[in-house]
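What follows is a set of notes on a single structure, which appears directly below.
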Amino acid sequence: DTVGSIAQPPKLYSLSVDDNQLVQLSLKTKSLEEVGGWIARVLDLFAQKRLRSPQLMGLQLARDGNIVVSLAFIPE
């Protein structure tokens with residue numbers, strides 16, 4: 001499963017799929033290195049043609065020190 005290869009709960013904060021099969025993920029961590037790993041994993045899956053249209057939708061720093069990353073893609 002594509003989503004499971006990127007992140008799993010509790011790091012996987014939210015997940016939605018729209019009518020066009022666009023998957024939107026919100027991921028939460030306190031580690032910038034982990035954020036970089038998620039982005040690298042999405043790009044790797046794109047290179048393997050396991051997903052298309054990868055997008056970094058947002059990056060937020062919460063007051064509690066967590067980093068929330070929003071990603072979107074269409075699985076193949």
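What you see is a predicted model, and the numbers here were worked out from it, not measured in a lab. Basis for what follows: all heavy atoms, side chains included, without hydrogens, waters or symmetry-related copies.
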pair Val3-Leu25: side-chain heavy atoms closer than 4.5 Å: yes
Spatial distance of atom NZ (Lys30) from atom CD1 (Ile67) [nearest 0.5 Å]: 9.5 Å
Thr2 versus Ser5, closest heavy-atom pair with distance: O-OG, 2.7 Å
Sub-4.5 Å side-chain heavy-atom contact between Phe46 and Pro54: yes
Single-linkage hydrophobic cluster, 4.5 Å side-chain cutoff, Ile39 and Leu59 together: yes
Residue pair Ile6 / Leu45, side-chain heavy-atom distance below 4.5 Å: yes
Hydrophobic cluster identity match, Leu27 and Ile74, side-chain contacts under 4.5 Å: no
Single hit among Arg50, Gln48, Arg52 for side chain to side chain donor-acceptor pair (under 3.5 Å) with Glu76: Arg52
4.5 Å side-chain heavy-atom contact, Leu56 and Trp38: no
Distance (rounded to the nearest 0.5 Å) between Ser70 OG and Gln60 CD: 6.0 Å
Pairs where residues 62-75 contributes a residue and the test salt bridge (Lys or Arg N to Asp or Glu O under 4.0 Å) is met, not counting sequence neighbours: none
Salt bridge (charged side-chain N to carboxylate O under 4.0 Å, His left out) partner of Glu34, chosen from Lys28, Lys11, Arg41: Lys11
Would you list the atom pairs, donor with acceptor, under 3.5 Å between side chains in residues 12-23 and any protein atom, with sequence neighbours excluded?
residue : atom : partner : partner atom : Å
Ser14   : OG   : Ser26   : OG           : 3.3
Asp18   : OD1  : Asn20   : N            : 2.8
Asp18   : OD1  : Gln21   : N            : 3.1
Asp18   : OD1  : Leu22   : N            : 2.9

